[in-house]
Amino acid sequence: WAASCRVGRQWRDWRPWDEGQRRRAPQDSSACEWRLTNKPLTMTNKTLIISAPGKVILHGEHAVVHGKVALAVSLNLKTYLRIQPGSDEQVRLYLPNIDTHLSWKTTNLQFLLTAIDADVQNPKAASKELVEQLRQYAGISEGYADAMSLSILCFLYLYGAISSSNSQLPSVDIVVWSELPIGAGLGSSAAYCVCLAAALLTASGAITCPALQGKDIARWNDDELELINKWAFQGEKVIHGNPSGVDNAVGTWGGMLRYHAGKIDPLPRIPNLRILLTNTKVLRSTKILVAGVKDKLNKLPSIMKPVLDSIDAISCECERILNAIASGGDVNEQYTILEELIDINQHHLNVIGVGHSSLDRLCQVTAAYGLHSKLTGAGGGGCGLTLLRPDTSPSVVDASKRALKDLGYDCWETNIGGSGVSLRSPSSLQKDIFHILCDGKTADEEF
């Protein structure tokens with residue numbers, strides 16, 4: 001097939017590629033995707049494609065609220081963003097996952113320059129008054145909590161605050177699409193914020209545009225990543241009010257992070273692990289589950305404190321084992337310990353009251369195939385992860401996935417521990433993702 005992508009008012013056609021690359025988008029030689037004009041590339045005439053990963057909690061759920069260690073790790077299910085300059089003084093935002101397509105005239109957004117007092121190098125939180133002003137401007141109802149409303153408010157704040165550094169509002173077209181299910185505790189909102197922050201900071205010239213130079217992906221330097229992370233955190237505050245900062249940090253830095261008593265530390269030399277990620281699709285309230293654990297702790301401190309201490313020890317032991325694997329230790333022995341830690345932690349999580357029958361079924365189904373699973377995140381339904389050894393056969397993986405899907409669950413085979421926010425070349429994208437970002441069509445619509 002030959003793909004077309006609209007860039008400004010122009011259409012660019014790509015030639016079909018070799019049969020062996022059918023699932024990939026076409027090669028492109030420019031540093032940051034498509035050339036828009038015959039002028040030399042500058043920050044105002046580039047189209048950028050950016051991705052950021054989701055996250056899972058490997059160990060430490062709920063215990064982290066009570067001062068214990070948690071391990072958060074990047075998930076190889078990503079959010080993708082394409083930003084390109086507009087040519088008609090419009091700002092367009094398209095979010096295919098939630099069927100949202102919005103546009104504003106830049107002249108009608110000029111109030112952002114005076115309403116938002118921002119220093120692009122020193123991000124600060126949006127005030128309640130500003131969020132209320134943005135809500136009224138966007139025509140969002142009071143008491144909003146839906147994904148569309150939160151996404152719009154976050155975008156308007158980050159767009160206005162970051163653009164204010166240049167004292168002008170650029171005309172841009174932005175498409176954001178995610179492989180991450182929304183509201184499943186997998187960091188979808190943080191990945192959205194990280195992608196927006198990276199795109200807007202790069203487009204405004206506040207940070208450099210990494211040179212791809214023939215590579216599939218490129219990343220910003222540490223100082224620039226830190227600025228991306230800080231702005232993404234401000235976006236998360238618009239969405240969640242008082243987030244921990246873990247999700248946006250994982251989306252920015254990737255790999256694994258150790259979270260303890262409000263301090264976030266990246267962990268070096270963490271191996272990539274294969275997992276099955278399963279969404280039971282059972283809705284739950286994180287707030288109610290957290291309150292339930294606190295209530296048990298207050299009523300039964302002599303019983304609950306040792307359980308939380310044991311979860312803390314599991315997190316620390318898991319960190320040690322992962323370092324041993326990365327250092328070339330006995331893989332079979334280390335994976336056996338990882339499996340034991342998963343089983344013990346899942347029992348602990350049931351003890352503190354955050355299990356659910358849907359998660360019990362997940363554990364039972366995967367155990368029938370010799371696999372080990374636990375909930376990840378808030379519990380009470382939601383998602384679970386299943387560890388796959390390096391030598392787990394494809395037939396076992398396929399059979400497990402079929403059995404889980406027969407229960408009505410969604411299931412993905414993926415990796416954890418990969419890189420964080422990245423600039424991507426078109427050739428790095430799956431064909432369907434390329435079409436979604438370039439044509440504004442979902443995979444189902446296109447294929």
Side-chain angles (χ1 to χ4, degrees), residues 4-12 33-34 36-37 43-50 79-116 118 126 130-141 144 146-178 182 188-189 191-204 231 235 238-239 433-442 445-446:
S4 295
C5 178
R6 188 170 62 185
V7 182
R9 296 185 181 276
Q10 305 174 55
W11 286 88
R12 301 287 171 161
E33 280 61 87
W34 304 282
L36 305 179
T37 68
M43 286 314 302
T44 57
N45 67 2
K46 291 177 183 176
T47 293
L48 311 178
I49 296 176
I50 292 167
T79 293
Y80 296 86
L81 178 149
R82 185 213 69 197
I83 182 172
Q84 67 183 38
S87 58
D88 53 3
E89 297 185 351
Q90 294 273 342
V91 176
R92 294 185 178 87
L93 177 65
Y94 182 37
L95 308 175
N97 296 92
I98 55 176
D99 195 25
T100 298
H101 200 164
L102 299 164
S103 65
W104 301 271
K105 291 183 178 180
T106 54
T107 52
N108 293 339
L109 292 173
Q110 291 300 312
F111 77 95
L112 294 174
L113 296 176
T114 54
I116 301 176
L130 175 58
V131 173
E132 175 62 16
Q133 185 178 359
L134 295 177
R135 180 193 70 79
Q136 292 181 13
Y137 171 78
I140 295 170
S141 302
Y144 61 90
D146 60 286
M148 181 176 73
S149 298
L150 294 168
S151 299
I152 294 169
L153 291 176
C154 175
F155 170 76
L156 288 174
Y157 175 66
L158 291 179
Y159 170 78
I162 293 173
S163 298
S164 66
S165 62
N166 292 331
S167 300
Q168 61 181 2
L169 299 175
S171 175
V172 293
D173 291 351
I174 293 177
V175 179
V176 186
W177 180 81
S178 187
I182 296 171
S188 61
S189 66
Y192 172 73
C193 292
V194 170
C195 282
L196 279 178
L200 293 169
L201 287 167
T202 303
S204 71
W231 275 110
V238 172
I239 293 173
I433 297 173
F434 177 81
H435 270 302
I436 293 166
L437 294 177
C438 292
D439 297 343
K441 297 178 181 178
T442 66
E445 289 173 332
E446 184 65 39

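Here the structure is a predicted model, which means the values were calculated and not measured.
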Pairwise distance [atom1]([X]) to [atom2]([Y]) - rounded to 0.5 angstrom:
X      : Y      : atom1 : atom2 : result
Asp173 : Gln84  : CG    : CD    : 5.0 Å
Leu130 : Leu134 : CG    : CG    : 4.5 Å
Ile162 : Tyr157 : CD1   : OH    : 8.5 Å
Arg82  : Phe434 : CZ    : CZ    : 10.0 Å
Leu437 : Ile50  : CG    : CD1   : 11.0 Å
Asp88  : Ser103 : CG    : OG    : 9.0 Å

Closest heavy-atom contact between [X] and [Y]?
X      : Y      : value
Arg135 : Leu153 : N-CD2, 3.5 Å
Thr47  : Pro85  : OG1-CD, 4.3 Å
Cys193 : Ile239 : SG-CD1, 3.8 Å
Thr79  : Ser188 : OG1-O, 4.4 Å
Leu156 : Ile116 : O-CD1, 4.4 Å
Leu113 : Ser164 : CD2-CA, 3.8 Å

TODO: Name the orientation class of the two ring planes belonging to Phe155 and Trp104 (parallel below 30°, tilted from 30 to 60°, perpendicular beyond 60°).
DONE: parallel

TODO: Look at atom CD of Glu89 and say whether more than 12 heavy atoms of other residues, nucleotides or ligands are closer to it than 6.0 Å.
DONE: no

Test item: [X] and [Y] side chains (from C-beta on) under 4.5 Å apart, heavy atoms:
X      : Y      : value
Asn97  : Trp177 : yes
Val175 : Pro96  : yes
Tyr94  : Val176 : no
Leu112 : Ser163 : no
Leu109 : Thr107 : no
Ile98  : Ser151 : yes
Pro170 : Ser204 : no
Leu93  : Tyr159 : no

Taking [X] for its side chain and [Y] for its backbone only, find out whether a donor-acceptor pair lies under 3.5 Å.
X      : Y      : answer
Tyr80  : Ser178 : no
Thr202 : Ala199 : no
Ser149 : Asp146 : no
Gln90  : Gly86  : no

Task: Trace of the side chain to side chain contact (heavy atoms under 4.5 Å, CB included) decision for Leu150 with Val238 - done: CA-CA 7 Å; Leu150 294 168; Val238 172; over 6 Å; no

